[in-house]
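The structure appears below as structure tokens.
Ligands are counted one by one from 1 in listed order, and the atoms in each one are counted from 1 as well. The figures here come from the full heavy-atom set of this structure, side chains too, leaving out hydrogens, waters and symmetry mates.
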Amino acid sequence: MPENKKIVIAVDGHSSCGKSTLAKALASRLNYAYIDTGAMYRAVTLYGLRNNLIANGKVDEAELTAQLHQIKITFRYNKVTGESETYLNGENVEEEIRQLPVSRNVSPVATISEVRKHLVALQQGMGMEKGIVMDGRDIGTVVFPDAELKIYMTASPEVRAQRRYHELKAKGEDISFGEIKANVIERDYIDENREESPLRKADDAIVLDNSYVTPDEQLDWAYEKVMERLNRNGN
Ligand code: DC
């Protein structure tokens, strides 16, 4: 790998298509930082739930916006698991932000313009020194429009629902394949059709449809793209 040269890698795409699996593995192989921006929207949602700013699916937008400055989100590396974990005002909330109450309420929080502006500014700050892999929905379009490598991931709704079905069944959840597939399709619709920074492929992003690709194969493919970018820049 060319010495010293570091780039920004944006990984965007549909929900449940393995963005974080690829982004984490790529960051680890490159010795780059990995930032899960979905976790940041989830942490703001958890703050809102805990402070009674979200009730019955309705968000008190004005109050949540007014309190944004007191929501501190950080990531810390856990040496034992080898994973980065999300902290909300100094508390490890990595598990709680993945649970149902947050999952159910994060979509409306992610549509609030002030929340997005606040988190985008934080994300841009994290990428200032490059050497970062960031995954989300608007990384290549809004957060880092000049990222040296943009990957847009997708997989068919059937394949994504199948993967999610196996994950949830393994956890003992009682849910049908049909329900999961409907949820995958609904989340795609919300992500692609919201007014604020909808999910869309940046013009210069490379599409990775991983319906029939293994995690190892997609990692090798992405690593090769990184090497091409590093070499193309003449370093
Ligand atoms: O990737 P995820 O499921 O953890 O994302 C949680 C929510 O946040 C989901 O509703 C999409 C939204 N999100 C977003 O709007 N922009 C991002 N950069 C990342 C996530």
*What is the closest protein heavy atom to atom 8 (O) of ligand 1, and at what distance does it sit?*
Tyr41 CB, 3.7 Å
_Closest candidate by heavy atom, reference atom 14 (C) of ligand 1, pool Arg42, Arg116, Lys19_ = Arg116
*asked:* Taking side-chain contact (heavy atoms from CB on, under 4.5 Å) as the definition, give me every residue that meets it alongside Tyr77, ordered by chain and number, with sequence neighbours left out.
replied: Lys79
*Please tell me if the side chains of Arg42 and Glu94 come closer than 4.5 Å, counting only heavy atoms from C-beta onward.*
no
*asked:* Please confirm whether Ser15 approaches ligand 1 to less than 4.0 Å, judged on its heavy atoms.
replied: no
_Heavy-atom nearest neighbour in the protein, as seen from atom 19 (C) of ligand 1, with distance rounded to 0.1 Å_ = Thr37 OG1, 3.3 Å
*Show which atoms of ligand 1 fall inside a sub-4.0 Å distance from at least one heavy-atom site of Ser107.*
10 (O)
*Which residue and non-hydrogen atom of the protein lie closest to atom 7 (C) of ligand 1, and at what distance in Å?*
Val106 CG2, 3.6 Å
*When you measure from atom 12 (C) of ligand 1 to each heavy atom in Ala110, Ser103, Pro198, which option holds the nearest one?*
Ala110
*asked:* Does only the side chain of Arg194 get under 4.0 Å from ligand 1, or the backbone, or both, or neither? Count heavy atoms.
replied: side chain
Distance-only check: which donor-acceptor pairs under 3.5 Å involve side-chain atoms of residues 116-126, not counting sequence neighbours?
unit_1, atom_1, unit_2, atom_2, d
Arg116, NH1, Ala110, O, 2.6
Arg116, NH2, Tyr41, OH, 3.3
Arg116, NH2, Asp138, OD2, 2.9
Lys117, NZ, Glu114, OE2, 3.2
Gln124, NE2, Val143, O, 3.1

*So which protein heavy atom does atom 20 (C) of ligand 1 come closest to, and at what separation?*
Gly38 CA, 3.6 Å
_Distance-only polar pair, side chains of Asn78 and Glu85, donor-acceptor under 3.5 Å_ = yes
*atom 1 (O) of ligand 1: which protein heavy atom is closest, and how many Å away?*
Arg137 NH1, 3.0 Å
*Do any nitrogen or oxygen atoms of Arg187 come within less than 3.5 Å of a nitrogen or oxygen of ligand 1?*
no
*Stepwise, does the side-chain hydrogen bond (donor to acceptor under 3.5 Å, both in side chains) test hold for Asp135 with Tyr34?*
CA-CA 8 Å; Asp135 82 33; Tyr34 161 64; 2.8 Å; yes
*Side chains of Ile139 and Val11: closer than 4.5 Å at any heavy-atom pair?*
no
*Honestly curious: do Val93 and Leu68 fall in one hydrophobic cluster under the side-chain, below-4.5 Å linking rule?*
yes
_Asp216-Thr214 side chain donor-acceptor pair, cut-off 3.5 Å_ = no
